[in-house]
There are 2 protein chains.
Amino acid sequence: MSSPSTPPKRPLTLRDVSEASGVSEMTVSRVLRNRGDVSDATRLKVTEAAKRLGYVPNKIAGALASQRVNLVAVIIPSLSNMVFPEVLTSINEVLDETPLQPVFGVTNYQPEKEESVLFEMLSWRPSGVIIAGLEHTDAARAMMRNADVPIVEIMDLDGDPIDAIVGVSQRRAGREMAEAIIAEGYRKIGFMGTNMPLDHRARKRFEGFSEALAKAGIEIADQEFYSGGSALVKGREMTATILKRSPDLDFLYYSNDMIGAGGLLYCLANGIDVPGQVGLAGFNGVELLNGLPKQLATMDAERHKIGRAAAEIIAARTLGQDAPQRVELTPRLQFGETLKRP
Amino acid sequence: MSSPSTPPKRPLTLRDVSEASGVSEMTVSRVLRNRGDVSDATRLKVTEAAKRLGYVPNKIAGALASQRVNLVAVIIPSLSNMVFPEVLTSINEVLDETPLQPVFGVTNYQPEKEESVLFEMLSWRPSGVIIAGLEHTDAARAMMRNADVPIVEIMDLDGDPIDAIVGVSQRRAGREMAEAIIAEGYRKIGFMGTNMPLDHRARKRFEGFSEALAKAGIEIADQEFYSGGSALVKGREMTATILKRSPDLDFLYYSNDMIGAGGLLYCLANGIDVPGQVGLAGFNGVELLNGLPKQLATMDAERHKIGRAAAEIIAARTLGQDAPQRVELTPRLQFGETLKRP
DNA sequence: GATAATTCTGTTAGCGCTATCATAGGCAAT
DNA sequence: ATTGCCTATGATAGCGCTAACAGAATTATC
């Protein structure tokens with residue numbers, strides 16, 4: 001089971017290719033990177049030798065010598081919430097057309113973990129950083145400020161960015177949903193969400209929501225929080241609980257679509273008239289919703305656009321082109337069939 | 001807005017910390033890596049200086065010098081199917097307790113993309129590779145064989161591994177599902193799946209499934225394939241289509257839970273008696289299912305265990321410990337409420 | 001007090017590549 | 001020929017760190 005040539009045990013280096021093709025290491029390097037003038041004849045000799053040997057360049061040495069690294073650090077809180085894989089997918093899409101390569105890190109919503117992941121990633125001297133949220137430890141902020149590469153904070157817009165920022169205003173999203181609900185005539189409003197003090201985006205949405213209600217002289221009539229477990233199940237359970245406790249609620253706002261979908265399924269199964277007796281709304285615009293018996297009202301958080309825009313900023317800045325410092329996307333309210341229209 | 005000391009424009013090196021603390025670079029290096037004996041006094045001086053300057057070590061240089069890289073390449077086909085983020089999450093969990101750091105790459109189910117992602121990753125000389133599936137281009141296989149690091153192929157078990165392998169037999173999973181369906185007395189069986197010739201796992205499941213049916217003298221009565229779009233919606237649509245075309249079907253097997261859930265919702269909405277008139281089953285055991293009005297029969301693909309086991313193999317081998325070459329996990333059939341029991 | 005054993009710290013030489021400059025050859029214009 | 005100006009290739013010197021060894025300082029042992 002050996003290659004056409006000799007089975008390489010000691011890892012191959014440029015020198016091996018150089019010897020195999022009878023030209024200098026420098027010329028091999030040039031051929032392999034398509035840089036500088038090389039005659040077609042030598043180019044051929046070299047590529048042929050490299051392929052025959054199965055040479056894989058050592059980017060570590062290359063990066064050290066050239067002081068250039070084609071990696072982009074991407075730091076997100078979790079992979080369990082589909083929102084983040086979606087953002088990653090679109091970042092990937094954009095970077096695929098560039099020499100840049102994303103590297104993902106997950107923080108589990110823990111600031112200290114974020115700090116250590118960031119440190120680890122910066123020690124690879126990436127060409128840019130894309131990081132979720134605006135809340136970081138002081139040390140993390142300092143590291144990013146000192147890193148001297150483009151930093152893009154994504155998802156959220158309410159706060160002071162370190163460098164560039166792309167996202168939606170979570171506060172405004174909450175506010176607009178509240179306004180729509182009030183406009184439709186609902187008055188006894190319940191809220192359900194995750195019990196994650198470190199999910200700043202959910203928190204801000206909630207703040208914007210209650211703020212707008214307050215402005216209309218309304219207070220949240222009841223609320224429920226959950227943590228862990230299947231969101232869909234929790235949505236059912238919390239809905240059952242809250243409606244039992246406060247049967248006079250006429251609207252339920254869920255901090256994410258998954259629990260919203262659970263709530264919707266609960267209502268449908270229990271003969272609750274939606275949106276007549278109770279209106280429902282979630283947040284995020286997950287694809288899943290399209291398949292439900294009834295379209296849940298929601299707001300699209302523009303996750304794909306966020307990923308794309310962030311990656312494009314990094315790509316542009318890496319090439320020395322200038323790029324926007326702030327991209328504000330506006331979530332669209334989708335009424336679906338659970339927030340009645342005038 | 002400058003640090004306590006001077007604002008670092010030229011990136012800091014060991015030398016800067018060395019000068020700031022009055023010891024040699026080597027000693028600084030030792031302190032920062034907790035290696036070798038260093039007196040408490042100097043240790044303190046150094047850590048203090050490093051922190052004050054905001055020094056971030058350059059792993060590129062470190063890796064080159066030490067010939068050690070703490071990265072593990074993880075290559076998966078997609079992030080859109082929750083299965084893969086789940087695997088990543090558990091890989092992450094395990095590696096979090098080691099000095100190793102996962103780096104993810106996505107292939108979009110394209111063999112050539114896989115090859116290029118692999119090449120790119122191997123050029124960073126990772127300590128190990130975890131890659132989904134057993135089907136790779138010849139060049140990709142050759143690269144992995146030559147890389148001289150642990151390789152773990154995951155998810156699938158039907159084929160020849162390069163090195164270690166962790167997964168479930170997809171063929172057997174399909175077969176067992178077929179046997180259970182037959183045992184329950186269903187005879188007119190329809191199949192619905194993705195139209196992805198490159199999703200080898202789905203293909204093998206289907207092969208195992210039809211093979212087992214054939215053994216019982218049964219042929220698939222009708223089938224539907226989809227590609228793209230929301231799986232839940234597609235599940236509804238395909239179910240409507242297939243039942244219209246073949247109203248005598250008494251069982252529907254879906255190649256994944258998402259379309260299965262769509263089919264279930266369709267049946268429930270249209271007054272079709274499940275599992276009396278029509279039985280249903282999917283594959284994967286996604287958490288989502290628990291929240292549905294009726295529990296869909298499915299098979300758990302053991303994704304978390306797969307991720308953990310793969311990461312553990314890499315971690316062990318990295319430390320020179322030995323580790324299993326083959327971990328066979330067995331998906332458990334969950335009957336739920338859509339595959340009637342004796 | 002001398003020697004050995006044990007800390008602790010420093011010196012030197014690369015890791016595998018690329019930037020930079022130097023040089024060899026080819027060819028046109030003078 | 002001579003000069004100039006290309007194109008194609010090579011030689012040299014590092015990138016920032018760590019392995020390996022060397023040496024200094026300290027302590028232990030007789």
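Quick note: numbers below take in every heavy atom, side chains included, and nothing from hydrogens, waters or symmetry partners. Protein chains get the first letters and strands the later ones, always in sequence-line order, with residue 1 at the start of each.
Side-chain N/O atoms of B/Asn70 and A/Glu120 include a donor and acceptor closer than 3.5 Å. If you check the side chains of B/His136 and B/Glu153, you find a donor sitting under 3.5 Å from an acceptor.
The side chain of A/Asn58 sits closest to C/dG16 out of C/dG16, C/dT18, C/dT9. If you check D/dT9, C/dT9, D/dC17 against the side chain of A/Val38, the one that comes closest is D/dT9. Checking C/dT18, C/dG14, D/dG10 against every side-chain atom of A/Ser66, the shortest atom distance belongs to C/dT18. With distances taken from any side-chain atom of A/Ser29 to the nucleotides D/dC17, C/dT18, D/dG10, the minimum falls on C/dT18. Comparing D/dA8, D/dG16, C/dT18 by their nearest atom to the side chain of A/Asp37 picks out D/dA8. In the set D/dT9, D/dC17, C/dT9, the nucleotide with an atom closest to the side chain of B/Ser39 is C/dT9.
For B/Arg15 and D/dC17, the CZ to P distance is 11 Å, given to the nearest whole Å. Distance A/Arg68 CZ to D/dG16 P: 14 Å, rounded to the nearest Å. One can place CZ of A/Arg43 at 14 Å from P of D/dT7, the figure rounded to the nearest angstrom. Computed from coordinates, the A/Glu25 CD to D/dG14 P distance equals 17 Å when rounded to whole Å. Remark: P of D/dA20 and CZ of B/Arg30 are 13 Å apart, rounded to the nearest angstrom. With rounding to whole Å, B/Leu14 atom CG is found 15 Å from C/dT9 atom C1'. Atom C1' of nucleotide D/dG10 and atom CD of A/Glu19 are separated by 15 Å, given to the nearest angstrom. Regarding B/Asp16, its CG atom lies at a distance of 11 Å from the C1' atom of D/dG16, rounded to whole Å.
Comparing A/Met26 and B/Gln67 against DNA chain C, the residue whose closest nucleotide sits nearer the 5' end is B/Gln67.
In this model, the phosphate group of D/dA11 is not approached by any side-chain N or O of A/Ser24 to a distance below 4.0 Å at OP1 or OP2. Note on B/Tyr55: every side-chain N or O is 4.0 Å or more away from OP1 and OP2 of D/dG16. Distances shown here put every side-chain N or O of B/Arg33 at or beyond 4.0 Å from the OP1 or OP2 atom of D/dC17. Considering only side-chain N and O atoms, B/Thr27 lies under 4.0 angstrom from the phosphate OP1 or OP2 of C/dG10.
Not one N or O on the side chain of A/Thr27 forms a donor-acceptor pair closer than 3.5 Å with the backbone of A/Val23. The backbone N or O of B/Ile60 lies less than 3.5 Å from a partner atom in the side chain of B/Asn58, making a donor-acceptor pair.
Shown here for A/Leu118 and A/Ala140, the closest heavy-atom pair between the two residues is CD2-O, 3.6 Å. Counting all heavy atoms, side chain and backbone alike, A/Phe84 lies closest to A/Ser78 at CB-O, 3.1 Å.
Applying the salt bridge (Lys or Arg N to Asp or Glu O under 4.0 Å) test between B/Asp163 and each of B/Arg145, B/Arg141, B/Arg326, B/Arg317 identifies B/Arg317 as the sole match.
In A/Arg33, the CZ atom is crowded: over 12 heavy atoms of neighbouring residues, nucleotides or ligands sit closer than 6.0 Å.
Overall, the helix from C/dG1-D/dC30 to C/dT30-D/dA1 carries an axis bend of 40° between its ends, with five pairs at each end and the value rounded to 10°.
No contact: A/Arg35 has no heavy atom under 4.0 Å from any strand.
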